[in-house]
Amino acid sequence: MTEKIKFQLEYEIKSSPKILFSFLHEPNALAQWFADDVTYKDGVYEFSWDDEQHIAKLISLKENKLVKYKWLDDEPYHFEMEIVQDELTNDVALAITDFAREENLNDRKLIWNNQIEYLQSVIGA
């Protein structure tokens with residue numbers, strides 16, 4: 001199996017960190033933009049897309065700042081979403097760190113672009 005490569009994306013989000021943060025870790029909020037359905041129990045999230053389930057454990061959470069999930073069915077890979085706020089302008093950005101195989105990299109970036117666009121419409125950004 002080929003190794004996955006780490007990639008990072010950043011999106012400007014017109015939202016407060018507090019509001020945005022809830023959409024990064026609360027199951028009901030994640031189900032509004034990230035996956036078709038999200039369930040949570042004991043620190044483990046089950047994300048469903050098109051009748052396909054993937055399980056991730058929340059491995060890091062910093063209030064209004066960062067969430068990091070580790071895929072239990074795709075070890076050792078993870079993805080994280082970090083809220084970055086510019087100290088001078090107070091502009092808010094969402095930084096994504098994820099992994100993909102080289103042949104899937106462009107598709108994975110496109111998926112993130114579409115998901116973040118949907119997130120912005122959900123929160124009215």
Side-chain angles (χ1 to χ4, degrees):
M1 193 191 268
T2 59
E3 287 291 311
K4 292 185 177 183
I5 23 181
K6 181 179 182 177
F7 67 94
Q8 295 179 304
L9 303 167
E10 190 169 301
Y11 303 91
E12 185 178 342
I13 307 283
K14 300 213 180 301
S15 173
S16 73
K18 186 175 184 177
I19 291 171
L20 179 56
F21 185 71
S22 68
F23 281 91
L24 305 183
H25 75 97
E26 292 177 6
N28 290 340
L30 282 163
Q32 291 180 46
W33 71 277
F34 184 71
D36 297 336
D37 189 37
V38 180
T39 57
Y40 172 83
K41 185 177 181 182
D42 300 327
V44 176
Y45 289 74
E46 184 176 303
F47 298 101
S48 300
W49 292 275
D50 299 326
D51 299 322
E52 191 175 301
Q53 285 74 35
H54 294 278
I55 298 171
K57 183 173 179 137
L58 181 64
I59 57 173
S60 184
L61 182 139
K62 294 179 185 167
E63 189 77 24
N64 300 327
K65 183 81 176 137
L66 172 94
V67 291
K68 186 175 184 178
Y69 297 93
K70 181 177 183 179
W71 293 115
L72 299 184
D73 55 356
D74 194 18
E75 300 263 1
Y77 300 107
H78 69 276
F79 71 98
E80 68 182 60
M81 298 179 279
E82 181 179 8
I83 298 169
V84 181
Q85 189 166 21
D86 186 282
E87 291 180 20
L88 294 176
T89 64
N90 280 333
D91 289 345
V92 174
L94 182 61
I96 306 293
T97 301
D98 199 0
F99 294 81
R101 288 184 181 77
E102 191 168 357
E103 63 270 17
N104 299 334
L105 188 58
N106 288 335
D107 288 342
R108 183 65 68 106
K109 287 179 179 180
L110 185 60
I111 289 169
W112 275 112
N113 290 342
N114 290 337
Q115 294 305 98
I116 299 301
E117 188 175 310
Y118 194 48
L119 169 64
Q120 290 175 322
S121 71
V122 167
I123 62 177

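Numbering of residues begins at 1 and proceeds along the displayed sequence.
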*Is any side-chain heavy atom of His54 less than 4.5 Å from a side-chain heavy atom of Glu52?*
yes
*Tyr77 (side chain) donor-acceptor with Lys4 (main chain) under 3.5 angstrom*: yes
*Verify the neighbour count for atom CD of Glu10: are there more than 12 heavy atoms of other residues, nucleotides or ligands below 6.0 Å?*
yes
*asked:* Just verifying a value: how many Å separate Lys57 NZ and Asp42 CG, rounded to the nearest 0.5 Å?
replied: 9.0 Å
*Would one find more than 12 heavy atoms of other residues, nucleotides or ligands at under 6.0 Å from atom CG of Asn28?*
no
_Over all atoms of both residues, closest heavy-atom pair of Val84 and Ala95_ = CG2-CB, 4.1 Å
*Taking atom OH of Tyr118 as the centre, does the number of heavy atoms from other residues, nucleotides or ligands within less than 6.0 Å exceed 12?*
no
*Say you draw a straight line from CG of Leu58 to NZ of Lys68; how long is it, rounded to the nearest 0.5 Å?*
11.0 Å
_Starting from Ile19, can I reach Val38 by hopping between I/L/V/M/F/W/Y residues whose side chains sit under 4.5 Å apart?_
yes
*Hey, what do you get for OG1 (Thr97) to CD (Glu80), rounding to the nearest 0.5 Å?*
4.0 Å
*asked:* With a 6.0 Å cut-off on the ring centroids, do Tyr45 and Trp71 count as close?
replied: no
_Residue pair Arg101 / Ile5: nearest heavy atoms and the distance that separates them_ = C-CG1, 4.5 Å
*Atom CD in Glu12, atom CD in Gln120: separation rounded to 0.5 Å?*
8.5 Å
_If you define the side chain from C-beta out and look only at heavy atoms, does anything of Val92 sit under 4.5 Å from Pro17?_
yes
_Quick check: do Leu30 and Phe47 have side-chain heavy atoms less than 4.5 Å from each other?_
yes
*So do His25 and Tyr40 actually touch side chain to side chain, heavy atoms under 4.5 Å?*
no
*Shared hydrophobic cluster for Leu72 and Tyr69 (ILVMFWY, side-chain gaps under 4.5 Å)*: no
*If you round to the nearest 0.5 Å, how far is CD of Gln8 from NZ of Lys109?*
10.5 Å
_Could you tell me if the side chain of Asn113 sits less than 4.5 Å from the side chain of Glu117, heavy atoms only?_
no
*Leu94 side, atom CG; Tyr11 side, atom OH - distance, nearest 0.5 Å*: 8.5 Å
_Check whether Glu46 reaches the backbone of Ile55 with its side chain - one donor and one acceptor, N or O, closer than 3.5 Å._
no
*Taking all non-hydrogen atoms of both residues, which atom of Ala35 and which atom of Ser48 are closest, and how far apart?*
CB-O, 3.6 Å
_Are Leu66 and Phe23 connected into the same hydrophobic cluster when the rule is that any two of I, L, V, M, F, W, Y join if their side-chain heavy atoms are below 4.5 Å apart?_
no
_Would you say CG of Asn114 has more than 12 non-hydrogen atoms from neighbouring residues, nucleotides or ligands within 6.0 angstrom?_
yes
_If you define the side chain from C-beta out and look only at heavy atoms, does anything of Lys65 sit under 4.5 Å from Ile83?_
no
_Strictly distance-based, threshold 3.5 Å: is any side-chain N or O of Gln32 a donor or acceptor partner for the main-chain N or O of Ile123?_
no
*Please assess His78 against Phe99 for the test side-chain contact (heavy atoms from CB on, under 4.5 Å), listing each intermediate value before the final yes or no.*
CA-CA 7 Å; His78 69 276; Phe99 294 81; 3.3 Å; yes
*Connected via hydrophobic side-chain network under 4.5 Å: Val122 and Leu20*: yes
*Would you indicate whether Glu102, at its atom CD, is surrounded by more than 12 heavy atoms from other residues, nucleotides or ligands within a distance under 6.0 Å?*
no
*asked:* I'd like to check Phe7 versus Leu9 (side-chain heavy atoms, cut-off strictly below 4.5 Å). Are they in contact?
replied: yes
*asked:* Parallel, tilted or perpendicular, judged at 30° and 60°: which one describes the rings of Phe34 and Trp112?
replied: tilted
*Please tell me if the side chains of Trp33 and Leu24 come closer than 4.5 Å, counting only heavy atoms from C-beta onward.*
yes
*asked:* Closer than 3.5 angstrom, by distance alone: can the side chain of Asp98 be matched with the main-chain N or O of Phe79 as a donor-acceptor pair?
replied: no
_Verify same cluster id: Trp49, Leu119 (apolar side-chain graph, 4.5 Å)_ = yes
